[in-house]
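Data block below; observations after.
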Amino acid sequence: MNRVLVDANVLLDVLTDDRRWYTWSAAQLDACAARAELCINAIVYAEVSVGFMRIEELDKALSPQVFSRLELPWEAAFLAGKAFLDYRRGRGTRTSPLPDFYIGAHAAISGMPLLTRDEQRYRTYFPKLDLICP
């Protein structure tokens, strides 16, 4: 494993000191960082940004020295759209945002494991994706 894409839910667990998930998420981030490059994309960055008033605070929390910032591949955008379409055709609720599909597609297209707590959706729509999850 050379790189790991980190989902926003794991980062938010640590940044908010989540009562239920902090310990698991912090341990997984540490374990992944010991053997791989931790990566985020603009979608993850945007999802985490809602907890910050200033971009400087967010940039400190998601330091580029710790989290490599990756561009979204065009192929991932296509795959995300197709996965979201499958989801909607299966009568998925609109509460599941398209950004989650971008994150899964980015990891799938790039061949990166995804560190997340959202196992069911990713396993359903990206069955070959390597997940690091509870």
Side-chain angles (χ1 to χ4, degrees):
M1 167 171 39
N2 296 335
R3 298 184 303 171
V4 172
L5 188 62
V6 181
D7 201 356
N9 55 32
V10 172
L11 295 170
L12 289 168
D13 290 345
V14 173
L15 294 170
T16 64
D17 199 20
D18 184 86
R19 185 181 289 172
R20 179 174 179 196
W21 290 105
Y22 174 86
T23 301
W24 182 87
S25 293
Q28 292 304 312
L29 279 171
D30 287 345
C32 288
R35 62 184 189 275
E37 177 184 1
L38 299 177
C39 302
I40 60 171
N41 60 30
I43 303 293
V44 171
Y45 185 90
E47 289 183 329
V48 174
S49 76
V50 299
F52 292 85
M53 294 300 296
R54 300 180 58 233
I55 193 169
E56 294 83 5
E57 295 167 353
L58 177 60
D59 285 342
K60 184 177 179 183
L62 298 180
S63 169
Q65 287 75 35
V66 177
F67 299 97
S68 296
R69 297 176 180 189
L70 304 179
E71 298 292 326
L72 284 167
W74 288 100
E75 296 86 355
F78 182 83
L79 180 58
K82 295 303 176 199
F84 187 70
L85 182 61
D86 287 346
Y87 168 79
R88 294 295 300 141
R89 285 182 177 154
R91 301 192 191 277
T93 64
R94 293 186 189 264
T95 60
S96 177
L98 182 57
D100 288 346
F101 291 93
Y102 267 110
I103 293 166
H106 185 182
I109 290 294
S110 300
M112 288 184 284
L114 177 62
L115 175 57
T116 185
R117 286 191 292 97
D118 194 4
E119 179 180 11
Q120 184 174 348
R121 180 176 304 127
Y122 291 119
R123 288 230 191 276
T124 300
Y125 295 99
F126 305 98
K128 295 181 182 177
L129 181 58
D130 183 15
L131 295 177
I132 302 166
C133 52

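Cluster membership for V50 and I40, using ILVMFWY side-chain heavy atoms within less than 4.5 angstrom, is not shared. Cluster membership for L85 and I109, using ILVMFWY side-chain heavy atoms within less than 4.5 angstrom, is not shared. M53 and L62 fall into different hydrophobic clusters, where Ile, Leu, Val, Met, Phe, Trp and Tyr are joined by side-chain heavy atoms under 4.5 Å apart, directly or via other members. Both V66 and F52 sit in one connected hydrophobic cluster of ILVMFWY residues. Membership requires side-chain heavy atoms under 4.5 Å apart, directly or through other members.
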Checklist entry - What do the steps show when you test L12 against W21 for side-chain contact (heavy atoms from CB on, under 4.5 Å), and what is the final call? => result CA-CA 9 Å; L12 289 168; W21 290 105; over 6 Å; no
Item to check | Chi angles and distances behind the side-chain contact (heavy atoms from CB on, under 4.5 Å) call for T116, R121 | outcome: CA-CA 11 Å; T116 185; R121 180 176 304 127; over 6 Å; no
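Taking CG of L70 as the start and CD1 of I43 as the end, the distance is 12.5 Å to the nearest 0.5 Å. Atom OG of S110 sits about 5.5 Å away from atom CZ of R3, to the nearest 0.5 Å. Note that CG of L38 and CE of M112 are 11.5 Å apart. Values are rounded to the nearest 0.5 Å.
Heavy atoms only, all atoms of each residue included: A105 and A80 are closest at CB-N, 3.6 Å. Taking both residues in full, the closest heavy atoms of E47 and P99 are given as OE2-CB, 3.8 Å, listed atom of the first, atom of the second, then distance. Between S25 and D13, the shortest heavy-atom distance links the atoms OG-OD2, 2.6 Å. Heavy-atom minimum distance, D18 versus R20: OD2-N, 3.0 Å. Between V48 and L58 the shortest heavy-atom distance is CG1-CD1, 3.7 Å. Residues G104 and L129 share a closest heavy-atom pair of O-CD2, 3.9 Å.
When each of F78, Y87, Y122 is paired with F101, the ring-ring contact (aromatic ring centres under 6.0 Å, His included) condition holds for Y87 and for no other.
Looking only at side-chain heavy atoms (C-beta outward), H106 and L5 come within less than 4.5 Å of each other. Side-chain contact between V44 and V6 is absent, with no heavy-atom pair separated by less than 4.5 Å. P134 has its side chain within reach of R117: a pair of non-hydrogen atoms, C-beta onward, lies under 4.5 Å apart. Side-chain contact between L11 and F67: present, with at least one pair of heavy atoms (C-beta onward) separated by less than 4.5 Å. Side-chain atoms of C32 and I132, non-hydrogen and from C-beta on, do get closer than 4.5 Å to each other.
A side-chain hydrogen bond (donor to acceptor under 3.5 Å, both in side chains) check over residues 64-82, counting only residues at least two apart or in different chains, returns the pairs E37-S68, D59-R69, S63-Q65.
Judged as a side-chain contact (heavy atoms from CB on, under 4.5 Å), and not counting sequence neighbours, the contacts of A26 are V14, Y22.
For Q120, the CD atom sits in a loose shell: 12 or fewer heavy atoms of surrounding residues, nucleotides or ligands are nearer than 6.0 Å.
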